[in-house]
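A note on names: the letters A, B, ... follow the listed sequences, proteins ahead of strands, and every chain is numbered from 1.
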Amino acid sequence: MVRAMNAPLVTPRFRIAPSPTGYFHVGGARTALYNWALAKRLGGTFVLRIEDTDAERNRPEWNQGIIDALAWIGIHADDPTFEGPYFQSQYAEHHVAEAQRLFANGAAYYCDMTSDQIQERAKAEGVTGYAGWSRELGLGPGPGRVLRFRVPEGSTVVNDLVRGEVTFDNATIEDFVLLRGNGSPMFLLANVVDDVTMRISHVIRAEEHLPNTPKQQMLWEALGHEPPVWAHVPLLVNEQRKKISKRRDKVALESYRDEGYRADAMVNYLMTLGWSPGDEEIQPWVAMQEAFALEDVAKSPAFFDLKKLAAFNGTYIRAMSVDEFVAATEPWCAQWREAHPDAMWNAEQFAAMSPFIQQRATTLAEAPGVVDFMFLPNPQFDEKDLSKAWAVEDAAALVAETIAAFETCDWTDEAMKAAFDAIAEAHGLKPGKAQAPIRVAITGRTVGPPLYEAMELLGRDEVLRRLRALPGSVHVA
RNA sequence: GCCCCCAUCGUCUAGUGGCCUAGGACACCACCCUUUCAAGGUGGCGGCACGGGUUCGAAUCCCGUUGGGGGUGCCA
């Protein structure tokens with residue numbers, strides 16, 4: 001309060017503290033974005049601290065994955081706002097030293113009970129957890145002994161920018177472990193000590209950490225510091241309304257990138273989960289960066305909706321210039337070429353068809369598949385579509401007459417359309433319906449991009465060849 | 001069990017006591033456009049969890065109920 005009335009002594013410092021135990025989580029990405037928006041707008045600093053203290057589960061190769069994932073969503077390590085990455089494991093000595101300080105001034109004590117002993121005694125005494133049994137034993141450090149925080153009497157009020165004041169009765173908080181029996185620091189301790197050391201002013205993280213907050217706030221105070229500004233943003237949940245997790249949901253940011261979601265679409269979508277950018281939800285990053293405020297963040301969990309993400313992505317794809325689109329789809333086109341060594345990829349034709357692809361695709365990855373029939377030696381016939389084609393009235397005659405007309409007409413999409421429309425009309429059919437056999441002959445399917453445009457690019461010889469080769473049409477010509 | 005959080009269309013949200021006959025977006029449905037499929041356009045369906053208060057007036061404030069979620073580790 002007092003601080004807010006004066007000019008800030010230092011610029012605000014934000015942080016994200018992911019642990020390298022897997023791919024980068026979309027929820028972590030949203031939290032990062034919120035922190036990043038504030039750091040950028042307020043001229044502050046965004047610290048990346050990788051919390052790699054769980055030796056059992058950590059894998060060093062994930063570290064680069066975190067940095068790459070952040071870079072993908074526009075949080076670049078070479079931006080002056082960015083600081084780090086720091087690796088928590090390198091500060092273990094300092095964490096232990098601070099814990100000793102807590103022990104020295106009586107804020108923490110050693111306990112020699114094992115988990116089993118605690119469980120047994122709790123059961124015997126009818127209490128739920130560890131009830132401070134070693135508090136007054138005056139134990140010193142020793143093998144197998146954990147260091148516990150002496151939770152003071154009273155209550156702890158957490159002032160949260162999105163939740164308001166949250167009060168915890170300290171009696172409901174057990175004396176939590178600071179140092180393990182092997183002397184290594186626990187998350188609660190390491191996290192706070194690092195935040196203190198790195199002069200973090202704002203801790204913005206997911207709501208799952210709210211129950212940890214009173215403990216951490218007590219730690220900040222016991223360590224002799226003013227707690228930071230807290231803000232707990234709503235969880236991202238799945239269809240069952242449960243926190244999305246690695247085990248049951250697709251949460252890896254990288255997988256969306258690899259499936260052809262655009263970074264700006266993902267960023268835009270993520271920002272709207274728990275926050276609204278205003279009248280128009282499709283917004284460029286800079287606009288959201290300027291508008292974002294923790295006070296406006298919603299309190300209730302948000303469903304991570306793939307369908308809406310896809311809609312955002314489609315909107316962003318359609319907003320690209322054709323050149324941008326062609327360049328952006330290249331990685332997936334390259335994959336397609338690799339998977340089809342016998343195909344004759346034609347970059348000019350792909351580019352020429354791109355405006356049509358753009359308005360159909362919801363991901364970049366789908367792009368080659370929309371027009372792949374053009375480059376394959378033969379279309380891949382869909383059985384159902386093939387029978388649909390032959391179900392069209394006068395199908396055989398339609399194909400035969402189309403072959404005849406295409407042998408001589410001008411080779412432009414307009415001329416082909418005019419010729420075919422005339423044929424369809426002569427049979428008393430709507431062109432759209434009569435087109436099915438022709439479309440299947442050329443593309444293998446009844447649905448796809450505009451036909452005449454594709455045929456013009458394919459060339460007369462190839463189109464006639466495909467028309468004559470339509471499976472089931474052998475008796476016609 | 002205990003602690004904590006949350007509660008507006010199916011979903012994401014706007015809404016901070018009268019501008020609400022509750023607005024937008026996604027999804028869904030219909031129609032239009034149309035060479036298929038899309039895209040685009042127009043329209044439709046659909047919601048303040050419930051019960052008490054407070055108030056001249058409540059989606060908005062208070063209490064309770066119910067429901068959902070998170071936490072409850074020598075994980076982070």
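In this structure, A:E366 does not pair ionically with A:R360, as no charged nitrogen and carboxylate oxygen lie closer than 4.0 Å. Using a 4.0 Å cut-off between charged side-chain N and carboxylate O, A:D382 and A:R445 make no salt bridge.
For CD of A:E290, the number of neighbouring non-hydrogen atoms (other residues, nucleotides, ligands) closer than 6.0 Å is greater than 12. Dense packing is recorded around CD of A:E407, with more than 12 heavy atoms of other residues, nucleotides or ligands lying under 6.0 Å away. Around atom CG of A:D279, no more than 12 heavy atoms belonging to other residues, nucleotides or ligands sit under 6.0 Å away.
The side chain of A:E51 approaches B:rA76 more closely than any other nucleotide in the set B:rA76, B:rU13, B:rC6. Nearest to the side chain of A:T128, among B:rU13, B:rU35, B:rG1, sits B:rG1. Nearest to the side-chain atoms of A:F168 among the listed nucleotides B:rC74, B:rC4, B:rG70 stands B:rC4. Checking B:rC74, B:rC4, B:rA14 against every side-chain atom of A:S276, the shortest atom distance belongs to B:rA14.
Residue A:M455 is out of contact with every strand shown, counting any heavy-atom pair closer than 4.0 Å. When heavy atoms are screened at a 4.0 angstrom cut-off, A:H209 is found touching base atoms of the nucleic acid. At a threshold of 4.0 angstrom between heavy atoms, the contacts of A:V146 include nucleobase atoms, whether or not backbone atoms are also involved. Looking at heavy-atom distances under 4.0 Å, A:E414 makes no contact with the nucleic acid at all.
Computed from coordinates, the A:K299 NZ to B:rG15 P distance equals 12 Å when rounded to whole Å. Whole-Å rounding puts the A:N191 CG to B:rC75 C1' distance at 13 Å. Nucleotide B:rG71 holds its P atom 15 Å from the CD atom of A:Q216, rounded to whole Å. A:L210 places its CG atom 6 Å from the C1' atom of B:rC4, with the value rounded to the nearest Å. Atom CG of A:N268 is separated from atom P of B:rU13 by 14 Å (rounded to the nearest Å). Between the CG atom of A:D160 and the P atom of B:rG70 there is a distance of 18 Å, rounded to whole Å. Atoms CD1 (A:I282) and P (B:rG24) sit 17 Å apart, rounded to a whole Å. Distance A:L270 CG to B:rA25 C1': 17 Å, rounded to the nearest Å.
Panel note: side chain A:E221, backbone A:P227; no donor-acceptor pair is recorded below 3.5 Å. In this structure, A:S184 contributes its side chain and A:R180 its backbone to no donor-acceptor pair below 3.5 Å. Looking only at distances, no side-chain donor or acceptor of A:R15 sits under 3.5 Å from a matching main-chain atom of A:R49. Looking only at distances, a side-chain donor or acceptor of A:N170 sits under 3.5 Å from a matching main-chain atom of A:T156.
Classified by interplanar angle (parallel below 30°, tilted 30° to 60°, perpendicular above 60°), the ring pair A:F420/A:Y452 is tilted.
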Per-pair distances, 0.1 Å, donor-acceptor, side chain in residues 304-313 of chain A, under 3.5 Å, sequence neighbours excluded:
from: A:D305; atom 1: OD1; to: A:K307; atom 2: N; distance (Å): 3.0
from: A:K308; atom 1: NZ; to: A:E281; atom 2: OE1; distance (Å): 3.4
from: A:N313; atom 1: OD1; to: A:R262; atom 2: N; distance (Å): 2.8
from: A:N313; atom 1: ND2; to: A:G260; atom 2: O; distance (Å): 3.2
from: A:N313; atom 1: ND2; to: A:T362; atom 2: O; distance (Å): 2.6

Residues 22-29 of chain A, side-chain donor-acceptor partners within the protein, below 3.5 Å, at least two apart:
from: A:H25; atom 1: ND1; to: A:G27; atom 2: N; distance (Å): 2.8
from: A:H25; atom 1: NE2; to: A:I244; atom 2: O; distance (Å): 3.1

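Using Watson-Crick or G-U wobble geometry with both donor-acceptor distances under 3.5 Å, B:rC2 finds its partner in B:rG71. Base pairing of B:rC26: its partner is B:rG10, meeting the Watson-Crick or G-U wobble criterion (both donor-acceptor distances under 3.5 Å). The partner of B:rU34 cannot be assigned: no Watson-Crick or G-U wobble pair with both contacts below 3.5 Å exists in any strand. Applying the Watson-Crick and G-U wobble criteria (two distances, each under 3.5 Å), B:rG17 pairs with nothing in any strand.
Not one side-chain nitrogen or oxygen of A:R180 sits closer than 4.0 Å to the OP1 or OP2 atom of B:rG73. OP1 or OP2 of B:rG71 lies within a sub-4.0 Å distance of a side-chain N or O belonging to A:K243.
As rounded to the nearest Å, B:rG24 and B:rG44 have C1' atoms that lie 16 Å from one another. On the P atoms, B:rC61 is 12 Å away from B:rC6, given to the nearest whole Å. Comparing B:rC9 with B:rA27, their C1' atoms sit 12 Å apart, to the nearest whole Å. To the nearest whole angstrom, the two P atoms, one in B:rU21 and one in B:rC48, are 15 Å apart. B:rA58 and B:rG40: their C1' atoms are spaced 41 Å apart (whole Å). With both ends at atom P, the span from B:rA59 to B:rG51 equals 13 Å, rounded to whole Å. The separation of B:rU8 from B:rC32, taken at their P atoms, amounts to 37 Å, rounded to a whole angstrom. Comparing B:rC4 with B:rC75, their P atoms sit 26 Å apart, to the nearest whole Å.
Comparing A:E208 and A:D296 by the nucleotide of RNA chain B whose heavy atom lies nearest to each, the residue mapping closer to the 5' end is A:D296. Ranked by how close their nearest RNA chain B nucleotide is to the 5' end, A:D279 and A:R163 are led by A:R163.
Listed by first and then second residue, the salt bridge (charged side-chain N to carboxylate O under 4.0 Å, His left out) pairs that reach into residues 313-323 of chain A come to none, sequence neighbours excluded.
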> What one-letter contact string describes nucleotides 36-42 of chain B from 5' to 3', where B marks a base within less than 4.0 Å of any protein heavy atom, S marks contact via sugar-phosphate atoms alone, and - marks no contact?
Replying inline: BBBSS--
Distances under 3.5 Å only, N/O to N/O: pair up the protein atoms with those of nucleotides 10-12 of chain B.
from: B:rU11; atom 1: O3'; to: A:R241; atom 2: NH2; distance (Å): 3.3
from: B:rC12; atom 1: OP1; to: A:R241; atom 2: NH2; distance (Å): 2.4
from: B:rC12; atom 1: OP1; to: A:F303; atom 2: N; distance (Å): 3.0
from: B:rC12; atom 1: O2'; to: A:T272; atom 2: O; distance (Å): 3.0
from: B:rC12; atom 1: O2; to: A:K308; atom 2: NZ; distance (Å): 3.4

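Each of A:D194, A:D195, A:V193 was checked for a side-chain contact (heavy atoms from CB on, under 4.5 Å) with A:N191, and the lone residue meeting it is A:D195.
Both cation-pi conditions hold for A:R148 and A:Y130: the charged atom is under 6.0 angstrom from the six-membered ring centre and inside a 45 degree cone around its axis.
Near RNA chain B, meaning a heavy atom under 4.0 Å away, the residues from residues 181-190 of chain A are A:G181, A:M186, A:F187.
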